[in-house]
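Predicted model, so just to flag it, every value in this text is computed and none were measured. Below, all heavy atoms of this structure are taken into account, side chains as well, without hydrogens, waters or symmetry copies. Each chain gets a letter, A, B and so on, in the order its sequence line appears, and its residues count up from 1.
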Amino acid sequence: DSGVTQTPKHLITATGQRVTLRCSPRSGDLSVYWYQQSLDQGLQFLIQYYNGEERAKGNILERFSAQQFPDLHSELNLSSLELGDSALYFCASSVASGATGELFFGEGSRLTVL
Amino acid sequence: GENVEQHPSTLSVQEGDSAVIKCTYSDSASNYFPWYKQELGKGPQLIIDIRSNVGEKKDQRIAVTLNKTAKHFSLHITETQPEDSAVYFCAATLNQAGTALIFGKGTTLSVSS
């Protein structure tokens with residue numbers, strides 16, 4: 001158990017809909033990272049937050065947004081969903097603002113768009 | 001931005017053999033190179049890492065080597081066991097500030113007994 005909690009574990013929805021994925025980092029970790037894992041693209045970095053502020057942005061679509069709340073949990077919002085958004089979405093946390101130390105990954109939220 | 005390429009995508013070995021996975025990166029400012037192991041149904045977990053001021057690091061049966069000039073690094077697993085079967089990802093920091101990790105596409109290692 002990494003200490004990172006992601007909900008829901010599974011989610012099935014239709015194209016055009018909007019979903020919210022939630023992540024609770026390990027106790028004491030200030031950084032939260034979101035990654036998308038699909039079969040052909042591996043782990044794609046989406047976005048990072050540190051202590052409530054956005055620190056780095058990767059290949060995150062404009063239809064996606066995220067935020068980190070004062071209690072340090074984070075939410076990833078996916079809107080106008082398309083079939084291609086079906087993937088496993090991972091959240092990871094770390095103590096520091098940089099990624100030059102261990103990232104602790106949750107077990108992921110599997111999104112299926114029909 | 002950083003780009004990390006990983007080879008091979010699949011690797012099958014017999015128990016007791018060695019396995020080698022290789023990665024190249026594009027950003028010469030990257031300074032941290034971890035390897036993660038992902039078992040079925042779980043999130044990736046760090047198994048070993050190396051920083052740019054070190055050429056080699058070993059931890060029991062696993063070792064990582066780094067060639068900064070050539071911008072490539074490798075994972076070596078010796079005396080493989082069935083429980084080593086998993087997907088392995090290499091990664092490099094996004095930039096010199098190391099704000100995020102960019103992962104390779106993964107290598108599925110299968111160890112048969």
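Side-chain heavy atoms closer than 4.5 Å link hydrophobic residues (I, L, V, M, F, W, Y) into clusters, and following such links, even through other members, never connects B:V87 to A:F104. Follow the hydrophobic side-chain contacts under 4.5 Å out from A:L61 and you reach A:L78 in the same cluster. A:Y50 and A:L46 fall into different hydrophobic clusters, where Ile, Leu, Val, Met, Phe, Trp and Tyr side chains are chained together by heavy-atom contacts under 4.5 Å. One hydrophobic cluster holds both B:L66 and B:I62 under the rule that ILVMFWY side chains link at heavy-atom gaps under 4.5 Å. At a threshold of 4.5 Å between side-chain heavy atoms, the hydrophobic network of Ile, Leu, Val, Met, Phe, Trp and Tyr places A:L21 and A:L72 in two separate groups.
Across A:T100 and B:Y32, no two heavy atoms sit closer than the pair CA-CD2, 3.4 Å. Taking each heavy atom of A:Q37 and B:F89 in turn, the nearest pair found is NE2-CZ, 3.3 Å.
Residue A:E53 qualifies as open at atom CD: its count of foreign heavy atoms under 6.0 Å is 12 or below. Heavy atoms of other residues, nucleotides or ligands lying less than 6.0 angstrom from CD of A:Q44 number more than 12. For NZ of B:K68, the number of neighbouring non-hydrogen atoms (other residues, nucleotides, ligands) closer than 6.0 Å is greater than 12. Around the CD atom of B:E79, the shell of radius 6.0 Å holds no more than 12 heavy atoms that belong to other residues, nucleotides or ligands.
Proximity to chain A is absent for every atom of B:P34, based on heavy atoms less than 4.5 angstrom apart. For a residue to count as touching a neighbouring chain, one of its non-hydrogen atoms must lie under 4.5 Å from one of that chain's; by this rule B:F33 does not touch chain A. Of the two parts of B:Q38, only the side chain, counted from C-beta on, holds a non-hydrogen atom closer than 4.5 Å to a non-hydrogen atom of chain A. If you measure heavy-atom distances from A:L103 to chain B, the contacts under 4.5 Å come from both the backbone and the side chain.
Side-chain N or O atoms of A:Y35 include none that pairs as donor or acceptor with a backbone N or O of B:F103 at under 3.5 Å. With hydrogens and angles disregarded, no donor-acceptor distance shorter than 3.5 Å links the side chain of A:R55 to the backbone of B:A100.
Using a 4.5 Å heavy-atom cut-off against chain B, the contacting residues of residues 80-91 of chain A are A:F90.
The CG atom of B:L101 sits 9.0 Å away from atom CZ of A:F45, with the distance rounded to the nearest 0.5 Å.
By number of non-hydrogen pairs under 4.5 angstrom with chain B, the leading residue of A:E102, A:R110, A:E107 is A:E102.
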